Protein chains: 2
Amino acid sequence: MVYSAGMEPNDDPTRPATRWNDAWRGVLFASAKVLRTAERELLAREGFPLTWLDVLAQLYDAPGNGLRMQELEERSLFTRSGLTRLVDRIEAAGLVRRESVAGDRRGVRVALTSEGRRRHDEAFVEHFRLIEREFGRRLTPNQQEAVADALTGFWHDEATAPPE
Amino acid sequence: MVYSAGMEPNDDPTRPATRWNDAWRGVLFASAKVLRTAERELLAREGFPLTWLDVLAQLYDAPGNGLRMQELEERSLFTRSGLTRLVDRIEAAGLVRRESVAGDRRGVRVALTSEGRRRHDEAFVEHFRLIEREFGRRLTPNQQEAVADALTGFWHDEATAPPE
DNA sequence: TGTCAATAATTGAATGAGCAGTAGTTGGCA
DNA sequence: TGCCAACTACTGCTCATTCAATTATTGACA
């Protein structure tokens with residue numbers, strides 16, 4: 001949610017027409033629209049929102065299907081306090097479990113339960129199809145490659161936007 | 001916010017490696033990271049969030065610097081009720097004004113005040129520079145063109161994701 | 001003209017997210 | 001050994017957003 005204002009090519013000094021302008025608008029709209037659809041469908045099909053799938057998928061990808069809160073925070077776009085309560089809800093639904101960390105009593109390890117694993121697999125497959133349908137198929141192979149190539153920098157470098 | 005899970009190229013059936021995969025991830029991360037930075041800076045500099053700038057810019061671009069709530073809803077990614085309260089806040093800050101619509105007493109027209117216009121101009125210029133710095137400059141001219149070309153469909157057709 | 005479904009916008013209740021502050025734990029160093 | 005700053009995670013408060021219900025108005029049609 002999101003700046004989506006019009007930037008028509010004209011002479012307005014507050015609306016300069018640049019090359020990257022349309023690229024940015026495309027990125028903004030593509031992510032907003034696809035995510036909105038994905039959110040709606042996931043909620044309808046699985047009964048939980050995208051934020052849950054994000055957490056489940058992070059855990060799934062982690063060694064031993066578990067991560068500490070801190071690690072989860074780094075990998076998601078959440079703040080710590082947001083994550084605490086998000087994990088609360090997912091745990092209450094039985095899809096993850098909090099475990100203590102050997103050797104550090106401050107820490108908490110969040111791990112997928114077998115039910116969480118099952119729901120993840122199920123949800124992810126459908127989610128994947130949806131992204132393919134709503135995003136992938138709307139691009140030619142060349143376009144897919146070009147976009148991937150142009151934007152890899154945004155998820156590769158950690159140097160982007162460190163708070164201050 | 002948002003699904004950002006890892007999809008490493010491997011043999012996992014729930015993590016098929018496809019061409020559009022990296023493109024989608026790029027779109028997702030680019031918008032999330034740039035928006036996060038933009039939000040922070042705008043708030044620090046102007047004292048209002050991106051949602052306000054979005055509304056101000058829509059009004060600025062509209063004929064007579066005003067729009068009805070309904071039109072604003074179509075142009076933004078908000079629900080009607082969300083907009084009502086968003087406009088409440090912006091109005092309380094004196095940047096927009098609610099006016100009655102001639103010939104339809106149900107309707108409300110939201111218009112920029114002169115202060116709103118001033119704040120818009122000021123904020124937008126800086127916002128524009130920020131997007132250029134955080135997004136535009138990270139792409140070569142060819143990449144800018146390729147991304148713009150690949151993604152225009154997402155803001156041109158209205159056919160995308162109509163609620164059912 | 002009177003009725004009533006459709007439309008414009010707002011409001012109430014509930015949910016989700018962030019910031020700032022807190023409690024418990026750890027590790028280094030005097 | 002004892003102290004203290006740093007770290008991990010959680011909690012209180014507040015704000016922003018949505019869904020569903022509500023109010024006011026309109027326009028079409030009998």
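All values reported here derive from a predicted model rather than from experimental measurement. Below, chains carry the letters A, B, ... as their sequence lines are ordered, and counting in each starts from 1.
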Quiz item: Are any of the side-chain heavy atoms of A/F48 and A/L95 separated by less than 4.5 Å?
Solution: yes
Quiz item: Can you check the A/L86 CG to D/dC10 P distance for me, whole Å?
Solution: 12 Å
Practice problem: To the nearest Å, give me how far apart CG (A/L50) and C1' (C/dA17) are. | Solution: 16 Å
Exercise. Please work out which of the three classes, parallel, tilted or perpendicular, describes the rings of B/F128 and A/W20, given edges at 30° and 60°.
Key: tilted
Quiz item: Hey, does B/D104 reach any base, or is it just sugar-phosphate, or nothing, if we go heavy atoms under 4.0 Å?
Solution: sugar-phosphate
Exercise. Assign the ring pair B/F135 / A/F154 to parallel, tilted or perpendicular, where the plane angle (0 to 90°) is split at 30° and 60°.
Key: parallel
Quiz item: Counting just side-chain N and O atoms, does A/R68 come under 4.0 Å of either OP1 or OP2 of D/dT8?
Solution: no
Self-check item: Under-3.5 Å donor-acceptor pair between B/R106 side chain and C/dT7 base
Solution: yes
Practice problem: Can you figure out which of D/dT18, D/dA9, C/dA9 approaches the side chain of B/T79 most closely? | Solution: D/dT18
Exercise. Respond yes when some side-chain nitrogen or oxygen of B/R80 is under 4.0 Å from OP1 or OP2 of C/dT7, and no when none is.
Key: no
Exercise. Find the distance A/W52:CH2 to C/dA17:P and express it as a whole number of Å.
Key: 11 Å
Practice problem: Would you mind reading off the distance between B/M69 atom CE and C/dT11 atom P, rounded to a whole angstrom? | Solution: 10 Å
Quiz item: Which of the following nucleotides, D/dC10, D/dT25, C/dA17, is nearest to the side chain of A/F78?
Solution: C/dA17
Exercise. Please state how far atom CG in A/L43 lies from atom P in D/dC19, giving the value in whole angstrom units.
Key: 9 Å
Exercise. Using a 4.0 Å heavy-atom cut-off across all strands, classify B/G82 as base, sugar-phosphate, or nothing.
Key: base
Quiz item: For the base of C/dG18, is there a side-chain donor-acceptor partner from A/R85 under 3.5 Å away?
Solution: yes
Quiz item: What's the closest nucleotide to the B/V108 side chain, out of D/dT8, C/dT10, C/dA17?
Solution: C/dT10
Self-check item: Integer-rounded Å distance: D/dT8 C1' and A/E74 CD
Solution: 12 Å
Quiz prompt | A/E132 CD: over 12 foreign heavy atoms closer than 6.0 Å | solution = yes
Quiz item: Quick one: is B/S81 getting a side-chain N or O under 4.0 Å of the C/dT10 phosphate, OP1 or OP2?
Solution: no
Quiz item: Do A/M69 and A/E73 touch side chain to side chain, with heavy atoms closer than 4.5 Å?
Solution: no
Quiz item: Does the side chain of B/H120 reach to within under 4.5 Å of the side chain of B/L59, using non-hydrogen atoms?
Solution: no
Self-check item: Sugar-phosphate, base or nothing in reach of A/R109, heavy atoms under 4.0 Å
Solution: nothing
Quiz prompt | Nucleotide of C/dT25, D/dT17, D/dA9 approaching A/R105 most closely (side-chain heavy atoms) | solution = C/dT25
Quiz item: Can you tell me if the side-chain N/O atoms of B/R89 get under 4.0 Å from OP1 or OP2 in D/dT17?
Solution: yes
Self-check item: Protein-nucleotide distance (B/L67, atom CG; C/dA8, atom P), rounded to Å
Solution: 14 Å
Self-check item: Nearest-Å distance for atom pair CG/C1', residues B/L83 and D/dT17
Solution: 11 Å
